[in-house]
Amino acid sequence: MDLFEYPYSPGAKARETSFEAARAIKPAADRLRRLTLDALCQRPMTADEVAAYLGIDKLSIRPRVTELGKQGKVIETGLRRANASGRSAMVWRAL
């Protein structure tokens, strides 16, 4: 699979810094997606709640939730909860 074959590999925008970030997370992305999916099998959560549950930085988990959604492994529940910044975040669940 190609490094930039989204959503099975980290995505990148048309900037070198974005490509660098995708390359840097690539070795951990599969494991992070597995951990994220396992967490969402436990109960529905926002991406930030998954990050807190796993003890992993939310900036590493948010894209993995989106990738899992694009892969059809998780879906939105229709619920929203406030994240740490007070903004509304979607609640996801595993299929």
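Just so it is clear, the values below take in all heavy atoms, side chains as well, and ignore hydrogens, waters and symmetry mates.
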Would you give the length of the straight line joining atom CG of L37 to atom CD of Q42, rounded to the nearest 0.5 angstrom? 10.5 Å

Distance, nearest 0.5 Å, that separates OG1 of T46 from CG of L79: 11.5 Å

Applying salt bridge (charged side-chain N to carboxylate O under 4.0 Å, His left out), which residue pairs with at least one partner in residues 69-84 are found, sequence neighbours left out? E49-R81, E76-R80

Output all residues satisfying salt bridge (Lys or Arg N to Asp or Glu O under 4.0 Å) with R33, sequence neighbours left out; order by chain, then residue number. D30, E67

Flag side-chain contact, heavy atom, 4.5 Å: V74 against T36: no

N/O donor to acceptor pairs below 3.5 angstrom from side-chain atoms of residues 87-95, sequence neighbours left out:
none

Which donor-acceptor pairs under 3.5 Å do side chains of residues 52-63 form with protein atoms, sequence neighbours excluded?
from: D57; atom 1: OD1; to: L59; atom 2: N; distance (Å): 2.6
from: R62; atom 1: NE; to: D48; atom 2: OD1; distance (Å): 2.8
from: R62; atom 1: NH2; to: D48; atom 2: OD1; distance (Å): 3.3
from: R62; atom 1: NH2; to: D48; atom 2: OD2; distance (Å): 3.0

Under 4.5 Å between side-chain heavy atoms, counting indirect links through other Ile/Leu/Val/Met/Phe/Trp/Tyr residues: same cluster for I75 and V65 or not? no

Walk me through whether R64 and I25 qualify under side-chain contact (heavy atoms from CB on, under 4.5 Å). CA-CA 10 Å; R64 308 300 71 90; I25 197 67; 3.5 Å; yes

Under the side chain to side chain donor-acceptor pair (under 3.5 Å) test, residues paired with E16 that sit two or more places apart: R23

Over all heavy atoms of both residues, which pair between A12 and S18 is shortest? Give the atoms and the distance, please. CA-OG, 3.2 Å

